[in-house]
Each structure stands twice: as structure tokens, then as C-alpha cells.
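First comes the structure, then the notes that go with it.
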Amino acid sequence: LTELAESVRKNGIMQNLTIVPLELADPDAARQREGKNYTVLIGHRRLAAAKLAGIKELPCRIEEGMDKREQVSTMLEENMQRTDLTIWEQASGFQMMLDLGETEEQIAEKSGFSRTTVRRRLNIAKLDQNILREKEASDSFQLSLKDLYELEKVEDIATRNKILADASSSRDIVWRAQNAVSEAAKKKREAAIVKLLDEAGIEKAAKYEQERYSGKWDIVKEYSLDKDAPKSLGIPKKEKSKLYYGRYYSSIHVVKAAEKKKETAEERARKEIDA
């Protein structure tokens with residue numbers, strides 16, 4: 001405002017303020033005042049700078065027929081053109097326009113932003129605004145749009161907010177977001193595979209992760225969760241043993257009870273020595 005006030009002092013107000021009758025903006029306030037009063041719709045910073053510069057009279061354009069919704073909409077449209085808005089302010093502004101009944105297409109047309117940008121800002125508006133403002137205000141955090149676009153790939157809003165809250169830096173947001181997206185994809189693939197297993201009557205082995213190397217199980221089939229889920233299980237029909245399944249890191253294993261092997265002469269000799 002100090003710089004703007006200096007410019008106003010030298011050059012005057014170069015652009016009209018837009019004002020509306022006070023009774024249209026705030027009927028209660030209008031009733032408490034005598035005469036014809038107005039309130040500023042567009043030009044609050046110019047008015048504040050003019051006061052700093054000691055200017056008493058400003059050029060204004062009067063809008064007589066705007067209802068409350070049109071006033072807010074006009075104010076938002078005007079403010080969204082500013083280049084000094086923060087990410088949070090842009091996101092909040094687009095969300096307010098959406099709440100007023102505008103569509104993404106209308107917001108894009110009125111604000112001059114692309115539909116993609118509008119949609120992405122609206123996704124940012126879904127985040128916990130207190131956490132977002134806190135991170136944005138931190139000099140050490142250096143929050144960027146690129147980071148938030150990476151966060152946008154996480155479908156679950158609660159997970160997005162947790163990542164944003166827990167992240168220690170911009171880079172950490174990206175790392176956590178990518179991990180969350182990867183884990184969500186694995187869970188979807190796991191659900192698809194488990195559905196096939198359930199339909200085939202294959203039960204879950206209760207403690208498979210702990211028993212993986214116990215010698216209790218033989219692996220019949222393995223499905224990687226880093227790849228698309230198969231359309232069919234692909235287990236040989238000749239397999240007669242009772243089958244079970246379990247997750248092991250990034251894979252689903254279909255297993256059967258390990259066959260008892262005949263003791264070799266060497267194993268018997270070893271047992272005698274141990275005894």
C-alpha cells in the first residue's frame with residue numbers, strides 16, 4: 001500500500017472505483033445512516049492508498065442494480081485477475097465462485113484461467129485450509145503448485161491432508177504423495193485378486209507373512225501388485241491340494257501345505273550326531 005499510495009500521490013487515481021448503494025450491500029448498516037451512502041465493491045486497495053496519500057475525492061462508477069450474489073461474483077471476478085494472489089487465495093476465490101453457482105467453464109471464461117487451472121485450484125480448495133496457509137506462510141517450506149499437483153493425484157482427501165500436515169518439505173510432499181498413489185494402486189489390484197480368490201473358494205492363510213520361511217508352505221502361484229491384476233487366476237486345474245493365499249510385501253501368494261519329505265540318510269546321521 002505504501003508504494004501504491006506514493007503512485008496515487010503523484011498521479012492520482014487512474015481507474016474508477018466501483019461502488020454500490022449501501023442498502024444493496026448491507027441494509028442494516030444503511031438504516032443506521034442518514035442520506036445516500038455507498039460501499040466499495042471494487043477498488044479497496046486504491047481507496048486505502050488514497051487515504052494514505054491524503055486524497056479526499058475519488059472517481060467512482062455507481063452500480064445501482066446488483067443484488068448481493070452479483071456483488072460478490074463481480075468482486076471475485078475482479079480480484080481473480082490480480083497477479084499477487086497466493087495459491088490459497090486463488091483456490092478460495094474459485095471455490096467461492098463455484099459456491100455462488102458458477103460452473104468450471106464459466107469461472108474459466110470470467111477469470112481468464114484455463115479450465116485445467118480452475119479445476120486444479122478447486123482441488124487445492126478441498127485441502128484443509130488451515131494447514132495449507134501454515135505451509136504457504138513458512139519460508140523454509142517453499143510450497144509450489146507443482147507439489148500440490150502431485151498431491152492432487154492422491155484420490156482420498158483425508159490422505160492428502162495428512163501428507164500435507166506431516167510433510168517436512170516440498171520434496172517430502174512429492175515423495176509421500178507418490179508413495180500414497182503407489183500404495184492405493186496396489187490395494188486396488190490386491191482387492192481385484194482377492195475377489196478372484198474368494199470366488200474360487202481359496203481361503204486366506206491367517207499368519208502367512210510370519211510363516212513365509214517356516215517350511216510350512218509351498219508357493220503354487222505368485223501375483224505381483226506392481227502389475228495389473230489378472231483376469232483369471234491361471235492355477236492349473238490338476239492342482240488337487242487345498243489352497244490358501246497371503247500377502248507378502250508387494251505380492252499375493254497362492255500356497256499349499258508343504259509336502260513332508262522323506263528323511264535322507266545324511267539327515268538321519270545328522271540327527272544322531274546332534275542327539
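Position 1 is the first residue of the sequence; numbering continues from there.
The salt bridge (Lys or Arg N to Asp or Glu O under 4.0 Å) test applied to Arg115 returns Glu105, not counting sequence neighbours. Residues forming a ring-ring contact (aromatic ring centres under 6.0 Å, His included) with Tyr244 (at least two apart in sequence, or on another chain): Trp217. Not counting sequence neighbours, Glu78 has no partner by the salt bridge (Lys or Arg N to Asp or Glu O under 4.0 Å) test. Looking at residues two or more places apart in sequence or on another chain, you find no salt bridge (Lys or Arg N to Asp or Glu O under 4.0 Å) involving Lys68. For Thr117, the side chain to side chain donor-acceptor pair (under 3.5 Å) partners at least two apart in sequence or on another chain are Ser114. Residues forming a salt bridge (Lys or Arg N to Asp or Glu O under 4.0 Å) with Lys126 (at least two apart in sequence, or on another chain): none.
Applying the side-chain hydrogen bond (donor to acceptor under 3.5 Å, both in side chains) rule to pairs touching residues 36-61 yields Thr18-Arg61, Glu23-Lys36, Arg61-Glu63, sequence neighbours excluded. Screening residues 167-181 for salt bridge (Lys or Arg N to Asp or Glu O under 4.0 Å) gives Asp172-Arg176 as the qualifying pairs, with residues at least two apart or on separate chains. For residues 74-95, the ring-ring contact (aromatic ring centres under 6.0 Å, His included) pairs, not counting sequence neighbours, are Phe94-Phe113. For residues 128-182, no residue pair satisfies the ring-ring contact (aromatic ring centres under 6.0 Å, His included) rule, not counting sequence neighbours. For the salt bridge (Lys or Arg N to Asp or Glu O under 4.0 Å) condition, the pairs that include at least one residue of residues 136-151, sequence neighbours left out, are Glu150-Lys153.
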Table please: side-chain donor-acceptor pairs of residues 184-192 below 3.5 Å, with sequence neighbours left out.
unit_1	atom_1	unit_2	atom_2	d
Lys186	NZ	Ser250	OG	3.0
Lys188	NZ	Glu155	OE2	3.4
Arg189	NE	Lys227	O	3.4
Arg189	NH1	Leu225	O	2.7
Glu190	OE1	Arg247	NH1	2.7

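Residues Ile131 and Lys135 are in side-chain contact: their nearest non-hydrogen atoms beyond the backbone lie under 4.5 Å apart. By the 4.5 Å heavy-atom criterion applied to side chains, Leu145 and Ile124 are counted as neighbours. In this structure, Leu164 and Leu127 have side chains that are in contact, with non-hydrogen atoms separated by less than 4.5 Å. Leu196 places none of its side-chain heavy atoms less than 4.5 Å from the side chain of Ile202. Residues Leu122 and Arg119 have side chains not in contact (no heavy-atom distance under 4.5 Å, counting atoms from C-beta outward). Side-chain atoms of Thr74 and Leu41, non-hydrogen and from C-beta on, do get closer than 4.5 Å to each other. Residues Arg212 and Ile219 have side chains in contact (heavy-atom distance under 4.5 Å, counting atoms from C-beta outward). The closest side-chain heavy-atom distance from Ile87 to Leu148 is below 4.5 Å.
Around atom NZ of Lys162, no more than 12 heavy atoms belonging to other residues, nucleotides or ligands sit under 6.0 Å away. Applying the 6.0 Å contact sphere to CD of Glu266 captures no more than 12 heavy atoms from other residues, nucleotides or ligands. Counting non-hydrogen atoms of neighbouring residues, nucleotides and ligands closer than 6.0 angstrom, the CD atom of Glu109 reaches no more than 12 such neighbours.
Taken together through direct or relayed side-chain contacts under 4.5 Å among Ile, Leu, Val, Met, Phe, Trp and Tyr, Leu4 and Leu85 form parts of separate hydrophobic clusters.
Using a cutoff of 4.0 Å between basic side-chain nitrogens and carboxylate oxygens, Glu267 and Arg270 are not scored as salt-bridged.
By the 30° and 60° cut-offs, the orientation of the rings of Tyr208 relative to Tyr248 is perpendicular.
Glu77 and Ser73 share a donor-acceptor pair across their side chains, judged by distance under 3.5 Å alone. A donor-acceptor contact under 3.5 angstrom links the side chains of Asp99 and Gln95, judged on distance only.
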### Task
Determine, stepwise, if the pair Asn123 / Leu151 fulfils side chain to side chain contact (heavy atoms under 4.5 Å, CB included).
CA-CA 10 Å; Asn123 272 324; Leu151 191 60; over 6 Å; no
